[in-house]
Student: 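Before anything else, here's the structure in question.
Order of the sequence lines sets the chain letters (A, B, ...), proteins ahead of strands, with each chain counted from 1.
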There are 4 protein chains.
Amino acid sequence: MVLYITYMEILIRAGDELPIYRQVMNQITEALAVGRIHPGDKLPSHRNLAEQLVIAPLTVKKAYDELESLGFLETQRGRGTFVCLKLPRLKMAEQRDQIAAAARKLLSLAYMVGLDFRDAVAILKKVENEMLQGAPSAVRGTADKEDQ
Amino acid sequence: MVLYITYMEILIRAGDELPIYRQVMNQITEALAVGRIHPGDKLPSHRNLAEQLVIAPLTVKKAYDELESLGFLETQRGRGTFVCLKLPRLKMAEQRDQIAAAARKLLSLAYMVGLDFRDAVAILKKVENEMLQGAPSAVRGTADKEDQ
Amino acid sequence: MVLYITYMEILIRAGDELPIYRQVMNQITEALAVGRIHPGDKLPSHRNLAEQLVIAPLTVKKAYDELESLGFLETQRGRGTFVCLKLPRLKMAEQRDQIAAAARKLLSLAYMVGLDFRDAVAILKKVENEMLQGAPSAVRGTADKEDQ
Amino acid sequence: MVLYITYMEILIRAGDELPIYRQVMNQITEALAVGRIHPGDKLPSHRNLAEQLVIAPLTVKKAYDELESLGFLETQRGRGTFVCLKLPRLKMAEQRDQIAAAARKLLSLAYMVGLDFRDAVAILKKVENEMLQGAPSAVRGTADKEDQ
DNA sequence: GTGGTCTAGACCACC
DNA sequence: GTGGTCTAGACCACG
């Protein structure tokens with residue numbers, strides 16, 4: 001079922017060390033990974049999303065552009081921005097590195113506060129549940145069929 | 001047992017999105033979390049470590065400075081840089097946030113390449129083993145600690 | 001009223017025992033204490049201030065960085081450096097210690113040149129007047145603050 | 001009355017930003033300013049004082065040397081270190097600058113925690129009382145008269 | 001134009 | 001030899 005996404009569950013932290021456009025990118029790819037949005041879905045326009053997030057339109061535009069150049073999004077002039085039907089695959093090496101880095105980070109944070117491996121897994125489980133909840137507001141897709 | 005750390009297992013990836021001084025910081029705090037270095041240990045001088053890593057001394061210095069202002073390291077003029085005897089504790093709220101963020105990152109990366117929860121845990125286990133291996137070269141501490 | 005500070009009343013004494021970046025830090029916190037600058041104000045860029053003071057940009061940057069890690073300033077990439085809306089509070093013990101140390105210093109210097117307590121208070125009064133005078137050049141803030 | 005000072009009320013803070021030898025210098029000149037030690041008094045040997053303070057003898061030596069070159073102390077080979085009978089006077093300009101700087105520091109610290117001028121004066125008064133109390137252990141001088 | 005990072009030196013102060 | 005400071009550039013990323 002293809003959706004018109006009208007509201008994205010994105011949280012911007014202004015003072016964060018991660019630039020705003022990266023926060024937007026990350027949360028869009030996370031939503032994708034978790035299945036809150038799907039291939040073919042239509043994202044809000046960059047101006048619209050910028051308004052929702054109370055940030056500069058150019059910043060959202062940059063996030064969309066980056067995601068487009070990475071192969072996650074596809075912009076159709078005059079129609080809007082869509083999630084690509086065929087999502088890109090990272091190279092195996094990059095995948096491994098990134099996942100391993102995230103794992104190291106999680107473990108060292110956990111160890112530093114006295115948790116052990118089992119605790120870390122428990123947290124992971126809890127976070128998984130959170131991620132699966134909460135879906136974006138959407139209306140049924142009425143777009144032409146040629147872009148599906 | 002307090003050690004003079006003479007060699008740090010630190011890997012710099014030049015093109016990484018993380019700045020070099022942050023890579024150094026992260027790997028020092030990881031070494032701490034995992035127990036490869038301990039409170040009271042003496043780290044190599046920033047010049048020395050810079051030489052080992054083939055980067056500019058100021059870059060290592062910046063990493064040490066940040067870690068000092070975070071309460072992990074302590075520098076003594078003319079004597080060297082040491083791991084604080086009393087390590088800082090994050091507030092509970094910050095702890096939870098940071099750990100949860102790391103967990104989200106790990107899961108979304110895993111999902112994005114088609115892995116499931118069990119796979120993620122398996123990776124976590126593998127990474128744990130890697131982190132526990134490899135200890136820095138060191139000599140037994142012979143310093144008098146009474147003037148610290 | 002939030003201001004764009006364009007000129008800071010900062011005097012650098014090159015040969016001073018206090019390093020330049022500390023002189024900058026001190027005079028910024030003094031300006032804050034005395035009300036010459038306020039929470040939310042935008043400071044000149046570190047390059048700009050460095051030009052005004054005829055010192056290296058990195059030196060001002062270091063002062064800003066330290067003040068940021070102390071919680072006085074906040075930097076936003078591409079936007080500038082601002083006085084924090086919520087200024088940090090020292091712990092009572094630290095406060096007392098620092099103030100007492102400053103008082104000791106003042107008195108011992110005064111005594112050493114033959115002044116007495118009343119003289120010291122008179123000097124204190126005179127210095128207070130100096131500190132309250134002189135405000136930085138500034139223009140009215142026109143920035144939208146909603147994205148901070 | 002000339003004294004043999006056998007114990008100095010000196011507190012060393014190892015991690016302080018002020019180098020140790022400066023802490024020693026400052027506290028000796030403060031003791032002088034406040035009248036806890038007097039011209040002609042014999043200070044403990046640098047080794048002895050170093051032992052009391054649990055710091056390196058060379059560090060105390062450096063403090064004594066500096067104070068000697070400033071005209072506060074006088075070392076007599078084989079006899080010991082004495083407070084000069086004729087204490088040096090700083091140049092007027094230096095005096096004014098240093099005292100004013102101390103006053104600025106005191107006021108800005110006080111302002112920053114919400115105190116006003118009267119509070120600052122009250123603190124000053126309290127500190128004065130503390131400084132006048134506490135005298136160094138000493139025995140009556142039995143030294144030859146030629147150095148008095 | 002802003003901050004963020006980095007380099008490759010230099011000189012000094014400390015212990 | 002250690003850390004502390006400073007310079008005078010450079011290039012990049014952000015908004």
Side-chain angles (χ1 to χ4, degrees), chain A residues 14 16-23 50 55-63 66, chain B residues 12 14-24 42-51 53-66 68 73-82 143-144 147, chain C residues 12 14-24 42-51 53-66 68 73-82 143-144 147, chain D residues 14 16-23 50 55-63 66:
Chain A
D16 202 277
E17 66 172 330
L18 219 57
I20 295 173
Y21 85 99
R22 294 283 301 225
Q23 296 181 41
I55 59 180
L58 256 183
T59 303
V60 178
K61 181 77 164 48
K62 178 156 188 178
E66 289 284 315
Chain B
I12 299 301
D16 201 279
E17 71 170 327
L18 225 51
I20 295 175
Y21 83 97
R22 298 278 285 174
Q23 296 181 40
V24 174
K42 181 179 186 294
L43 296 189
S45 80
H46 71 266
R47 289 171 220 268
N48 183 318
L49 183 53
E51 212 172 320
L53 306 180
V54 196
I55 59 181
L58 252 192
T59 303
V60 178
K61 178 103 175 23
K62 177 156 189 179
Y64 279 14
D65 281 350
E66 293 279 314
E68 181 171 10
L73 300 184
E74 181 185 347
T75 65
Q76 297 180 21
R77 231 170 337 205
R79 308 231 310 107
T81 301
F82 302 82
D144 38 341
D147 59 289
Chain C
I12 298 300
D16 202 280
E17 70 169 329
L18 226 52
I20 296 175
Y21 83 97
R22 298 277 284 172
Q23 297 180 40
V24 174
K42 180 180 187 295
L43 296 188
S45 79
H46 72 266
R47 289 170 220 269
N48 183 319
L49 183 53
E51 214 172 320
L53 305 181
V54 197
I55 57 181
L58 250 191
T59 303
V60 177
K61 177 103 176 24
K62 178 156 187 179
Y64 280 13
D65 282 350
E66 292 279 313
E68 181 171 11
L73 300 183
E74 181 184 346
T75 66
Q76 296 180 22
R77 231 169 336 207
R79 308 230 311 108
T81 300
F82 302 83
D144 40 340
D147 59 342
Chain D
D16 203 276
E17 67 171 330
L18 219 55
I20 296 174
Y21 85 99
R22 294 284 300 221
Q23 297 182 39
I55 60 180
L58 256 184
T59 304
V60 178
K61 182 73 166 51
K62 177 156 188 178
E66 289 283 314

Student: Output yes when at least one side-chain N/O atom of B/Thr59 is less than 4.0 Å from OP1 or OP2 of E/dT7, else no.
Tutor: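 So the side chain of B/Thr59 is within the cut-off, an N or O lying under 4.0 Å from OP1 or OP2 of E/dT7.
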Student: Starting at atom NZ of C/Lys62, determine the distance to atom C1' of F/dG4, rounded to an integer number of angstrom.
Tutor: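 Roughly 7 Å, once rounded to whole Å.
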Student: Could you tell me whether the phosphate oxygens of F/dG4, OP1 or OP2, come under 4.0 Å of any side-chain nitrogen or oxygen in B/Lys61?
Tutor: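 For B/Lys61, the contact criterion (side-chain N or O under 4.0 Å from OP1 or OP2 of F/dG4) is met.
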Student: Where the side chain of C/Arg47 is concerned, which of F/dC11, E/dT7, F/dG3 is the nearest nucleotide?
Tutor: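 Ranking F/dC11, E/dT7, F/dG3 by closest atom to the C/Arg47 side chain puts F/dC11 first.
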Student: Which one, E/dC15, F/dC6, F/dG3, comes nearest to the side chain of B/Arg79?
Tutor: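 Looking only at side-chain atoms, B/Arg79 lies closest to E/dC15.
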Student: So which atom in C/Gln23 and which in C/Asp16 form the shortest heavy-atom distance, rounded to 0.1 Å?
Tutor: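 Closest pair (atom of C/Gln23, atom of C/Asp16, distance): NE2-CB, 3.3 Å.
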Student: Expressed as a whole number of angstroms, how long is the span from B/Asp65:CG to E/dC6:C1'?
Tutor: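 It is 15 Å, rounded to the nearest whole Å.
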Student: With DNA chain E as reference, determine whether C/Tyr64 or B/Leu18 sits nearer its 5' end, using the nearest nucleotide of each.
Tutor: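 On the 5' side of the pair lies C/Tyr64.
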Student: Nearest to the D/Pro19 side chain among E/dG3, E/dC15, E/dC6, which nucleotide is it?
Tutor: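 In terms of side-chain proximity for D/Pro19, the closest of E/dG3, E/dC15, E/dC6 is E/dC15.
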Student: Looking at D/Tyr21, I'd like to know whether one of its side-chain N or O atoms comes within less than 4.0 Å of OP1 or OP2 on E/dC15.
Tutor: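 For E/dC15, neither OP1 nor OP2 has a side-chain N or O of D/Tyr21 closer than 4.0 Å.
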Student: Among the candidates E/dT5, E/dT7, F/dC14, find the nucleotide nearest to the side-chain atoms of A/Arg22.
Tutor: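 Per side-chain heavy atoms of A/Arg22, the pick is F/dC14.
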Student: Would you sort out whether C/Leu49 and C/Tyr64 count as a side chain to side chain contact (heavy atoms under 4.5 Å, CB included), showing the intermediate values?
Tutor: CA-CA 11 Å; C/Leu49 183 53; C/Tyr64 280 13; 3.5 Å; yes
Student: Which nucleotide, E/dT7, F/dG15, E/dG3, lies nearest any side-chain atom of B/Ala56?
Tutor: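 Minimum distance to the B/Ala56 side chain belongs to E/dT7.
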Student: Determine: side-chain N/O of C/Thr81 to OP1/OP2 of E/dG3, distance under 4.0 Å, yes or no.
Tutor: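 Result: yes.
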Student: How close or far is atom P of E/dG3 from atom CD of C/Glu66, stated in whole angstroms?
Tutor: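 One finds 17 Å between P of E/dG3 and CD of C/Glu66, rounded.
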Student: Under the 3.5 angstrom rule, does the side chain of C/Glu74 hit a backbone N or O of C/Thr81 as a donor-acceptor pair?
Tutor: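 No, because the side chain of C/Glu74 does not come within donor-acceptor range (under 3.5 Å) of the backbone of C/Thr81.
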Student: Are OP1 or OP2 of E/dG3 and a side-chain N or O of C/Thr75 less than 4.0 angstrom apart?
Tutor: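 Answer no for this pair, as no side-chain N or O of C/Thr75 is under 4.0 Å from OP1 or OP2.
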Student: Checking C/Glu17 against D/Arg22 for the side chain to side chain contact (heavy atoms under 4.5 Å, CB included) test, could you report, in this order, the C-alpha distance in whole Å, the side-chain angles of both residues, the deciding distance, and whether it holds?
Tutor: CA-CA 12 Å; C/Glu17 70 169 329; D/Arg22 294 284 300 221; 2.7 Å; yes
Student: How many Å lie between CD on C/Gln23 and P on F/dT5, as a whole number?
Tutor: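 Spelled out: CD on C/Gln23 to P on F/dT5 is 12 Å.
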Student: Taking 4.0 Å as the cut-off, does a side-chain nitrogen or oxygen of B/Ser45 come that near to OP1 or OP2 on F/dT2?
Tutor: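 B/Ser45 to F/dT2 OP1/OP2: side-chain N or O found under 4.0 Å.
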Student: Which base, if any, makes a Watson-Crick or G-U wobble pair with F/dC14, both distances under 3.5 Å?
Tutor: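 Partner of F/dC14: E/dG1.
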Student: Measuring from the side chain of A/Ile20 (C-beta onward, heavy atoms only), which nucleotide among E/dC15, F/dG15, F/dT7 has the closest atom?
Tutor: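 For the A/Ile20 side chain, the nearest candidate turns out to be F/dG15.
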Student: Rounded to whole angstroms, how far apart are CG on C/Leu43 and P on E/dG3?
Tutor: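 Taking CG of C/Leu43 and P of E/dG3, I get 9 Å after rounding.
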Student: Could you state the CG-C1' distance from B/Asn48 to F/dG1, rounded to the nearest angstrom?
Tutor: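 Those two atoms, CG and C1', are 10 Å apart.
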Student: In whole Å, what is the span from the CG atom of B/Leu58 to the C1' atom of F/dT7?
Tutor: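 Rounded to the whole Å, the gap is 11 Å.
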Student: Given the rule in the side chain to side chain contact (heavy atoms under 4.5 Å, CB included) test, do C/Val24 and C/Thr59 qualify, once you have shown the distances and angles that lead to the verdict?
Tutor: CA-CA 9 Å; C/Val24 174; C/Thr59 303; 5.8 Å; no
Student: Which heavy atom of A/Pro57 sits nearest to which heavy atom of A/Ala50, and what is that distance?
Tutor: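 For A/Pro57 versus A/Ala50, the nearest heavy atoms are CA-CB, 3.5 Å.
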Student: Quickly work out the C/Leu49 CG to E/dT2 C1' distance and round it to whole Å.
Tutor: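 From C/Leu49 CG to E/dT2 C1': 14 Å.
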